[in-house]
Amino acid sequence: MSLYYLQKVLYELNRDAGVQQQYLDDVESLLGKYTLTEEERTALKKPDIGLLYVLGVNGQILMHFAAFHKIEWDDYLQSMRDGVTEHGAVRAGVYAMTGGGDNFTKDTEAKQEVD
Amino acid sequence: MALVYAGVCSHAPGITARAERADPVVRDEFYANLEIMRQDIKNSGAEALIVVGAEHFANFFMNNMPAFCIGMGDEYSGPIEDPDWLKIQPHKVPGSPELSMRIISEVMQTVDTAFAEEWKFDHGIMVPLHFLTPDYDLPIIPVNINCQGPPLTPLHRAWEFGEALRRACDAVPEKVALVGTGGISHWPATPDSGKINEEWDRDFLEKFKRNDKDAMLAYDDVQTYNDAGQGGFEIRTFIATAAAAKGATADVHFFAPIPIFAVGCTCARFNL
């Protein structure tokens, strides 16, 4: 478990187009610079948003990474729920799921459909 | 000269990124109130705008996390997010390094702030600027309070920082505006995104409106996390702005929960 470095990869990637290019061109050498477990390395490469979430990556860091991968908003939220279903509760940090997996945006959507 | 405007607004990325999915009536009323803020700032004659934000790991990380930081750059850039996702295109934003230096020097008389000549804006500053200075022509002085990486800046320190910012604004000849930006209750970027504790928000805003220092500083992070989510930690930006308003009361001219924006959207100005 090396959550600090797992988040640091994403922090540096999120803010730097050069690191983003390296991620696309040669992800192995990029990740080689950080102290990561095999599970973390795999989750970063896939990318496995659900597992990264469960490992404790801060949601703000993860949201930007999902946007980099052009993951749609609803798919991003669902990936995190699926991650919790598959891997269990969030293991660290302050971005745990506390709403029991409910979808809190559907009220807005439903209202618009009625309108 | 002095602080000529102080207000707060929300900054959630959904405000621009997911605009088309919100109830158009509420959304447009919110946008109209952001436009009122833009006009108020313009009418104040402000020569620079301090944005007290709660950034989300765009510049600061747990390798060297400042409790406070003030920008001192010639220019800034943003957003760091994918522009098609945030629906805000990349922009250069002018700074005012010489004014920054004088403000930082004054703040440092009482608060150990960090400073930065480089700063990349994330949605936390870009979303407010998109509405408040849409031509990116007003010099910006970005300010950050650590609301993200525990241990967080204590609330009473955020207050003292706001007081120091006010002293600094009053000590310079320029007209300066200040906008605090953060969420009240919200659970951003989690599966619970869209959850909003409206009752908690309205209770906080009552204390904020009357600039009740003791009531605002009585919040406890554990309780805030339980009642208002990790996004509730961003009340630090509201508290610092209230302190900068030096006892003035606030007019909350818009508040409405907009779940697809993931926050109770807020616009307020202080009666300086």
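Side chains are part of it too, since the values below use all heavy atoms of this structure and drop only hydrogens, waters and symmetry mates. A, B, ... follow the sequence lines: proteins, then strands. Residue 1 opens every chain. Being a predicted model, the structure only gives us computed values, none of them experimental.
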Ranking Ala96(A), Gly83(A), Gly101(A) by heavy-atom pairs under 4.5 Å to chain B gives rank one to Ala96(A)
side-chain hydrogen bond (donor to acceptor under 3.5 Å, both in side chains) with Asp82(B): of Gln20(A), Lys70(A), His69(A), only one passes, and it is Lys70(A)
Should the heavy atoms of other residues, nucleotides or ligands under 6.0 Å from CD of Glu35(B) be counted, would the total exceed 12? yes
Heavy-atom count check: over 12 atoms from other residues, nucleotides or ligands less than 6.0 Å from Tyr5(A) OH? no
Heavy-atom cut-off 4.5 Å, strictly under: side chain, backbone, both or neither for Asn226(B) against chain A? neither
Less than 4.5 Å to any heavy atom of chain A: does that hold for the side chain of Pro13(B), its backbone, both, or neither? side chain
Any idea which heavy atoms bring Gly59(A) and Ala189(B) closest together, and the distance? O-CB, 3.2 Å
What I'd like to find out is whether the side chain of Leu77(A) reaches to under 4.5 Å of the side chain of Ser193(B), using heavy atoms alone. yes
Options Gln78(A), Gln7(A), Glu12(A), ranked by heavy-atom pairs under 4.5 Å with chain B, top entry: Gln7(A)
Cut-off 4.5 Å, heavy atoms of chain A, and the answer for Tyr225(B) is side chain
Checked Tyr76(A), Phe68(A), Phe65(A) vs chain B; the most non-hydrogen pairs under 4.5 Å come from Tyr76(A)
Answer yes or no: does atom NZ of Lys46(A) have more than 12 heavy-atom neighbours from other residues, nucleotides or ligands under 6.0 Å? no
Checking Asp192(B) side chain against Met97(A) main chain: does a donor-acceptor pair fall under 3.5 Å? no
Does atom CG of Asp28(B) have more than 12 heavy-atom neighbours, drawn from other residues, nucleotides or ligands, at distances under 6.0 Å? yes
Look up atom NE2 in His64(A) and atom NE2 in His56(B), then write down how far apart they are to the nearest 0.5 Å. 7.0 Å
Mind checking whether Tyr11(A) and Phe61(B) have parallel, tilted or perpendicular rings, split at 30° and 60°? parallel
CZ on Phe104(A) to NE2 on His186(B), rounded to 0.5 Å: 14.5 Å
Given Asp74(A) and Arg18(B), is the salt bridge (charged side-chain N to carboxylate O under 4.0 Å, His left out) satisfied, shown in steps? CA-CA 11 Å; Asp74(A) 296 311; Arg18(B) 297 185 292 282; over 6 Å; no
Shorter than 4.5 Å, heavy atoms on both sides: which option in Leu62(A), Leu10(A), Asn14(A) has the most such pairs with chain B? Asn14(A)
For chain A, the option from Phe60(B), Phe261(B), Trp187(B), Phe233(B) that forms the most heavy-atom pairs under 4.5 Å: Phe60(B)
In terms of heavy-atom contacts, does CZ of Phe131(B) have more than 12 from other residues, nucleotides or ligands at under 6.0 Å? yes
Under the side-chain contact (heavy atoms from CB on, under 4.5 Å) criterion, do Thr190(B) and Tyr53(A) qualify, and how do the steps go? CA-CA 9 Å; Thr190(B) 72; Tyr53(A) 176 63; 4.0 Å; yes
Taking the side chain as every heavy atom from C-beta outward, state whether Tyr4(A) and Asn63(B) have any atom pair closer than 4.5 Å. yes
Heavy-atom contacts under 4.5 Å, residues 117-124 of chain B to chain A: Lys120(B), Asp122(B), His123(B)
